[in-house]
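Computation of the quantities below employed the complete heavy-atom set of this structure, encompassing side-chain atoms and omitting hydrogens, waters and symmetry-equivalent molecules. Position 1 is the first residue of the sequence, and the numbers go up from there.
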Amino acid sequence: MKRQEEDRERHDDLPGCVAEFLSELIRHMRYRRRAREEVRAELQSHFAEELRECKSEQERQKKAEEVIAGFGDIKLLATLLRRAKKRCRPPWQTVVMRAGQIAGLLVVCFIVYVVWFLAGRPVVTTDYVAQFNRLVRPPADESLNAAPLYICAADMLDGPPADIAEVLKSEYADLSAEQKQRLAAWFAEKREMLDLVAEGAQRPHYWRTYESEEGMLGVFLPHVGSYRDLVRVLGHRARLLADEGQNEDALATIQVCYRHGRHLRAGNKTIIEQIVGMAAQNTASDALLDVLSGRGLEPARLAQLQEELKGLFVDEDFTVRVEGEKLGIYDEIQRCFTAGRFGGEHLYPPRLASLGSTGDGQGEVMFDLMATPRHWGTVARVLFVHPDKDETRATIDRAYDIWAEWMRRTPSQLRDEAIDINDEIERMVQGNLLLEIMVPALGRVHELSYMTKVRFDAALAIVALLRYEAEQGRYPESLNELVAAGYLEQPPLDPWSSGPLTYRRTGEDFLLYGWGENFTDDGGRPGVDEHGDWVFWPVVQGDN
């Protein structure tokens with residue numbers, strides 16, 4: 001500090017032209033402040049040394065001007081001095097400075113890229129709702145459409161009394177006598193609603209005309225809940241009628257329920273609609289077993305019922321179709337990816353966030369994720385490596401094509417081939433945030449489809465077994481004997497084993513079951529979830 005003060009005092013008496021020259025030179029250097037001050041100090045010392053022998057101010061002024069002139073062009077001198085300072089700095093300092101410059105450039109580029117990324121907007125070019133309407137509508141007159149009747153019935157059901165709503169959510173076997181009486185009275189009040197459903201079930205087709213400003217996302221769910229409630233109504237009514245000894249009305253209600261479910265499944269509906277349709281068919285099959293367990297049907301009526309059930313089964317296809325579901329995902333692809341701008345297409349975070357229910361607002365989602373270290377990996381995927389629109393569409397096409405092939409194989413066959421549908425589909429869509437949100441649990445849908453089929457097959461076999469016993473005075477020794485006697489066309493297939501459902505006589509009754517989801521014969525022990533067997537007979541009240 002003392003030396004700097006001495007140097008400053010020694011240099012204060014330099015001519016004014018020197019000070020002006022040094023200020024101009026330092027300004028042209030455009031370099032770090034410390035380096036410029038070092039250059040200034042060195043040049044001041046140089047001028048002081050040159051002017052030391054001068055006696056007068058005029059001589060000092062003249063000498064200073066000669067030295068300044070000797071330096072030549074001031075801008076060139078500033079450039080040479082800047083280069084000299086750069087060459088003299090330590091290597092580690094050069095590395096640090098270059099790294100800092102590169103980092104700064106990358107930060108600037110990143111900010112520009114993020115601004116560009118967030119400025120993108122999707123462009124909706126295809127009306128997939130209109131395509132879906134064309135897909136689901138058969139070439140039939142409106143008078144053959146059951147949808148208007150179902151919609152009217154659902155509107156009549158909307159908002160039942162609180163006690164009725166609670167009863168409909170409960171298992172029928174758990175209802176008290178008082179609750180059943182209240183339910184019977186309510187059914188009498190809702191006779192028009194029940195007649196509308198029955199009339200709709202007799203029509204050959206079902207389709208709705210969908211309208212939605214939100215695209216296919218607004219099509220998927222709105223009406224499904226009301227239909228699910230109608231299914232509960234039909235299931236409880238069938239069992240209540242059977243309790244009252246009105247077996248014919250109970251069987252008619254069961255067939256209405258089954259046809260209602262078949263309507264929801266037929267054609268290229270969404271997977272959600274098809275699942276509700278399967279629930280209706282399962283409710284009908286379970287209610288039928290409850291009615292049969294009362295053993296109140298004569299042999300002739302059993303034979304007639306068997307033909308009626310086979311009529312329901314004619315042309316029945318339990319395969320779950322995905323064409324409508326694919327249109328929904330196509331629509332979300334066009335709404336979740338930007339389009340019509342330079343630089344290519346990429347994900348649109350606000351729309352993606354609305355699908356995942358993680359937030360809303362233009363760009364807020366991305367900034368919120370950036371502020372959370374555990375989400376930085378997701379941010380990097382979205383910004384830099386996420387599949388584009390074409391890759392996303394190709395992935396969903398490939399996934400659904402493969403799943404359509406798997407649908408033709410039973411769960412047992414898939415297990416033998418070591419195929420886990422959920423794992424395989426998850427592997428295919430892994431890394432694609434949109435598809436990870438949108439693709440349903442297709443493995444479970446596959447299982448539900450086969451559960452629906454085996455329930456119906458088991459019910460048909462049970463009718464044949466009861467009819468055989470009523471006419472022959474005993475149950476057959478095996479299902480093959482039942483087939484040989486002409487009571488059944490073929491033994492019902494067990495999708496969870498490599499053969500038919502397991503049948504065994506038990507004294508004066510019989511046992512009919514499937515192996516269940518654990519692919520193991522547990523001896524007909526009823527199970528829950530993946531443990532135990534699917535026992536169809538004898539009927540265990542309250543398990544349906």
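- Counting heavy atoms from C-beta outward, Pro538 and Leu511 have side chains that approach closer than 4.5 Å.
- Side-chain contact, Tyr468 with Arg474: a donor N or O sits under 3.5 Å from an acceptor N or O.
- With hydrogens and angles disregarded, no donor-acceptor distance shorter than 3.5 Å links the side chain of Asp331 to the backbone of Leu327.
- Of the residues listed (His260, Gln281, Glu273), the one engaging Arg265 in a side-chain hydrogen bond (donor to acceptor under 3.5 Å, both in side chains) is Gln281, and it is the only one.
- Here the side chains of Leu305 and Arg301 are in contact, with some heavy-atom distance below 4.5 Å.
- The aromatic rings of Phe337 and His386 lie tilted to each other, with the angle between the two planes from 30° to 60°.
- Side-chain contact, Glu308 with Gln304: a donor N or O sits under 3.5 Å from an acceptor N or O.
- The pair Asp243-Arg239 does not meet the salt-bridge criterion, since no charged nitrogen lies less than 4.0 angstrom from a carboxylate oxygen.
- Salt bridge present: Arg232 and Asp229 bring a charged side-chain N and a carboxylate O closer than 4.0 Å.
- Using bins of under 30°, 30° to 60° and over 60° for the plane-to-plane angle, the ring pair Tyr227/Tyr150 lands in the perpendicular bin.
- Salt-bridge formation is not detected for the pair Lys269/Glu325: no Lys NZ or Arg NE/NH1/NH2 atom is positioned less than 4.0 Å from an Asp or Glu carboxylate oxygen.
- Side-chain contact between Val454 and Leu493 is absent, with no heavy atoms from C-beta onward closer than 4.5 Å.
- Side chains of Asn145 and Glu142: a donor on one and an acceptor on the other come within 3.5 Å.
- Taking the six-membered ring for Trp, Tyr513 and Tyr503 have ring centres at least 6.0 Å apart.
- A heavy-atom distance below 4.5 Å is found between the side chains of His446 and Leu414.
- Salt bridge annotation for Arg182-Glu178: absent, with no cationic side-chain nitrogen under 4.0 angstrom from a carboxylate oxygen.
- Within a 6.0 Å sphere centred on CD of Gln472, heavy atoms belonging to other residues, nucleotides or ligands number more than 12.
- The pair Lys310-Glu307 meets the salt-bridge criterion, since a charged nitrogen lies less than 4.0 angstrom from a carboxylate oxygen.
- Geometrically, Arg504 does not engage Phe510 in a cation-pi contact, judged by NZ or CZ lying under 6.0 Å from the ring centre and within 45° of the ring axis.
- In this structure, Glu214 places its CD atom where only 12 or fewer heavy-atom neighbours from other residues, nucleotides or ligands lie under 6.0 Å away.
- Under the 3.5 Å distance criterion, with hydrogens and angles disregarded, no donor-acceptor pair is assigned to the side chains of Tyr258 and Asn282.
- When Arg467, Glu471, Glu481 are each tested for a side-chain hydrogen bond (donor to acceptor under 3.5 Å, both in side chains) with Tyr487, only one passes: Glu471.
- At a cut-off of 3.5 Å, with distance as the only test, no side-chain donor of Trp515 or Asp522 sits close to an acceptor on the other residue.
- Salt bridge annotation for Arg444-Glu447: present, with a cationic side-chain nitrogen under 4.0 angstrom from a carboxylate oxygen.
- Note on Arg427 versus Glu424: salt bridge recorded, some NZ/NE/NH1/NH2 to OD/OE distance being below 4.0 Å.
- No hydrogens or angles considered: a donor-acceptor pair under 3.5 Å links the side chains of Asp141 and Ser143.
- Side-chain atoms of Thr253 and Arg237 include a donor-acceptor pair closer than 3.5 Å.
- Annotation: side chain of Leu288 is in contact with side chain of Leu251 (closest heavy-atom distance under 4.5 Å).
- Test Met451, Met278, Lys453, Gln274 against Phe318 for side chain to side chain contact (heavy atoms under 4.5 Å, CB included) and you get one pass: Lys453.
- The aromatic rings of Phe536 and Trp534 lie parallel to each other, their planes meeting at an angle below 30°, with 60° marking the opposite boundary.
- Taking 4.5 Å as the limit, every side-chain heavy atom of Leu448 sits out of range of all side-chain heavy atoms of Val320.
- One side chain, Asn432 or Thr392, offers a donor N or O that lies under 3.5 Å from an acceptor on the other.
- For the pair Glu436 (side chain) and Gly431 (backbone), a donor-acceptor distance under 3.5 Å is present.
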Would you please test Asp397 and Tyr330 for side chain to side chain donor-acceptor pair (under 3.5 Å) and show each step?
CA-CA 10 Å; Asp397 286 341; Tyr330 289 167; 2.3 Å; yes

